[in-house]
Each structure stands twice: as C-alpha cells, then as structure tokens.
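Before any comments, here is the structure.
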Amino acid sequence: MIDLHTHSTASDGTLTPEALVDLAADQGLAAIALTDHDTVEGVPAALARGALCGLHVIPGVELSVHWDGSGQMHILGYYLRTDDTRLCERLGWLRDRRRERAQRIVEKLRGLGIQISFARVEGLAGGESIGRPHVARALLEAGAVGSLGEAFGRFLSPGRPGYESKEELGVEEGIGLVKASGGAAVLAHPATLKLNPAALAGCLKELKAFGLDGLEAVWSGHSAQQMAQFQALACNLDLLATGGSDFHGDNKPEIKLGTGRRNNVQVPDTLLDVLRQHCHKGAAAGA
Ligand code: AMP
Ligand code: FE
Ligand code: FE
Ligand code: ZN
C-alpha cells in the first residue's frame, strides 16, 4: 500500500520528513508522496531517508489555487523536478505572501487583546511555509483556546475575526508549473470544490485542458459514495484516480498515515507505475 498525500514540518504537519518516512516504513507502506503546502523544502531529506530504509519517496507538492468557485481547489504535483527554477521562484513568492498574511493575522488577534507574537508563530512553523495551523498552535500555547479546532472555529476560519485570505496561483498556472517541471498534476480532494456531479465533470474537463492528469478519488474526508463517484468520473474522463490520507501528524490526529480516517483510505502500489508512466508520457510529449 502507498500514501500519495502527506504533510511534514516543512509545512503544517508535525513530523519531520525523516520521521514521516520512518513511520511509513514501520507501517510497511511501499511508498509515500511528500506533498507539503507551497514548498518542496522537505523533499531532499525525505528522499535521503527513503533511500536508507528502502521506502520509495515521490517528490511532491500541494498548491492552493484560485478558481471561480466558492469551494477550495488544491492541486497535487508528483514526481516533479524540485530544483526547477520557475517552480522554486513561484513557490517562494507564495511563501512570502503566506508570511505577510500570518503577520496580518497576528496583528488582528493582538488587536483583540490576545498576546501572541509573530516571532513565536514563525518559530512554531519551523519550516518555510507558514499557515493558519501554526497560528492555531500559538493560540493554544498562549491559553487563548483549549484546542486547535477551537482556534479555527473562533478565530481563524472565514468570517471569524482572525481570518485573512491567502494569495493563490491561478489554476492554469498551478497545473502548468507542475507539468513544466516534469510532474503529474492531480486535483486534490474533489469534494472540497463543493460541486454537484455535473458541475464537477465540467470543471474537470476544463482542468484537463490545462494539463490535469488525475483526481484524488480516495481521501480521508470522502464518503464511500464520493470515492465511487470520483473513481467513475476519472474513468469516464480518462483521468487517473489517485488516493492519499492527507496525513498532518498531531495537527489532525484522527487521520492516520496510509489508512486515513477509520481505515477509509487504501491505495495499492500498482498505482505507482501508472503515475510514473503518465509523467514520462507527459515529458515525452513536451508537456
Ligand atoms: P492555510 O493554508 O494557512 O490557509 O491553512 C490551511 C490548513 O489549515 C489546512 O491544510 C489544514 O491543515 C488546516 N485546517 C483548516 N481548517 C482546520 C480546522 N477546522 N481544524 C484544524 N485544522 C484545520
Ligand atoms: Fe494542511
Ligand atoms: Fe488540501
Ligand atoms: Zn494536504
């Protein structure tokens, strides 16, 4: 079994890339993709550890992209060249915007009388990609909330007083960046687009025209019915159906590496060859 959606301390997971790889190997997984938000910082360490313990590590990323809908769209990139100049430049731009946004969030919270500092948020982030989960940790540490969930519910979610929106790439640019760096592009957790089946099919056709290779049919937050629906959709549209847990360590303790939420994620390693062939096909076609 494999897991194609995991986060490390390079973004908002709580395990270092090395510890993540060790856990995957201990669990008997054959491979994991490291898909941190807006950074590939953790990839070299994960690859090195994977080589040591015999676990196949797929260099990956998860990009939040802007589109004309109300839900959230994330694009996963697999097997990309993590030293691609354009990719690194755009990821760096996104992380600069994340940093500024975190500063604005901290200012808003301080305006509410909550004593947290940006320096502490940065320290808790550790890695390059600062996000709301790091602010949530700072709020927990300061005693302003009793749990990470409460931090989001009271302060950090849209409509709450500490919310700030995030700068995102356009969807065409996001998919293009992944493809241009030799990778395969996959729509993460289609359910978060909040589209009915017909609208989702239309949206996927548009994304396919931009170069999309697949969709993440299997994901911790999908119901069995959604997984079946997304698998069928992938088949109909000639897209790959992939899967992963979206493991974040203690930041989302109910989600387990390789198995998701109550074992609802099972991804066979036969998918790896299909994914790799797809990358080669894309590279050969000059995509
Ligand atoms: P950001 O990328 O900074 O907007 O933060 C988004 C991340 O926050 C997601 O990837 C999740 O890891 C986390 N997140 C979002 N909503 C919640 C929530 N209600 N409880 C815990 N974590 C959350
Ligand atoms: Fe996350
Ligand atoms: Fe996501
Ligand atoms: Zn994720």
Side-chain angles (χ1 to χ4, degrees), residues 3-15 20 32-42 58 60-66 71-78 91 94-106 108-109 118 121-122 124-140 145-160 162-169 174 185-194 215-216 218-222 242-258 260-261 265 267:
D3 192 332
L4 295 177
H5 193 157
T6 71
H7 296 268
S8 76
T9 47
S11 66
D12 58 0
T14 57
L15 294 187
L20 180 66
I32 61 164
L34 181 62
T35 54
D36 276 309
H37 299 286
D38 300 336
T39 183
V40 292
E41 181 196 9
I58 299 157
V61 74
E62 181 174 21
L63 302 169
S64 309
V65 296
H66 184 79
Q72 289 213 350
M73 185 183 282
H74 293 174
I75 299 291
L76 294 160
Y78 295 120
L91 292 180
L94 284 170
R95 292 193 301 267
D96 289 345
R97 302 290 84 73
R98 276 181 170 276
R99 162 180 297 269
E100 291 165 2
R101 168 200 188 219
Q103 282 168 328
R104 291 198 302 274
I105 293 176
V106 168
K108 278 188 162 176
L109 294 169
F118 177 67
V121 171
E122 218 179 359
L124 287 165
E128 289 181 336
S129 185
I130 307 180
R132 285 179 290 160
H134 307 117
V135 182
R137 283 251 166 235
L139 287 169
L140 184 61
V145 295
S147 69
L148 298 175
E150 187 189 339
F152 276 90
R154 277 180 58 200
F155 297 110
L156 301 175
S157 294
R160 309 308 301 168
Y163 181 73
E164 280 281 319
S165 66
K166 185 171 59 192
E167 195 81 51
E168 297 165 334
L169 302 178
V186 169
L187 175 68
H189 39 67
T192 63
L193 298 184
K194 302 192 189 305
L215 64 150
E216 187 178 52
V218 173
W219 179 63
S220 298
H222 288 162
T242 71
S245 66
D246 212 351
F247 179 73
H248 281 73
D250 291 342
N251 277 345
K252 292 187 182 175
E254 71 286 4
I255 296 173
K256 306 297 180 200
L257 183 65
R261 201 185 297 258
V265 169
V267 184

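In listed order, ligands and their atoms are each counted from 1. Owing to the predicted nature of the structure, the values given are computational and were not obtained by experimental measurement.
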Notebook entry, point to check: Does any non-hydrogen side-chain atom of Ser129 lie less than 4.5 Å from one of Glu41?
Noted result: no

Whether [X] side chain and [Y] backbone form a donor-acceptor pair below 3.5 Å:
X      : Y      : value
Thr35  : Thr6   : yes
Arg160 : Gly153 : yes
Asp3   : Ser245 : yes
Asn251 : Asp12  : yes
Arg95  : Asp38  : yes

Residue shell for ligand 1, any heavy atom closer than 4.0 Å, reads Asp12, His37, Arg98, Arg101, Gly131, Arg132, Pro133, Phe152, Lys166, His248, Lys252

With a 6.0 Å cut-off on the ring centroids, do His7 and His37 count as close? yes

Taking the Fe ion (ligand 2) as the apex, NE2 on His248 and NE2 on His37 give an angle, to 10°, of 120°

Short N/O/S contact of His7 with the Fe ion (ligand 2) (below 2.8 Å) = no

Within Asp12, is some N, O or S atom less than 2.8 Å away from the Fe ion (ligand 2)?
-> yes

Given the options Arg132, Lys108, Arg101, Gln103, Glu164 meets side chain to side chain donor-acceptor pair (under 3.5 Å) only with Lys108

Protein N/O/S atoms closer than 2.8 Å to the Zn ion (ligand 4), ordered by chain and number, come to His5 NE2, His7 NE2, Glu62 OE1, Asp246 OD1

For Gly174 and Leu169, the nearest pair of non-hydrogen atoms, with its separation, is CA-CD1, 4.2 Å

Between Ile255 and Phe247 the two heavy atoms that sit nearest each other are O-CD1, 3.4 Å

- Look at Arg99 together with Glu122 and state whether they make a salt bridge at an N to O cut-off of under 4.0 Å. yes

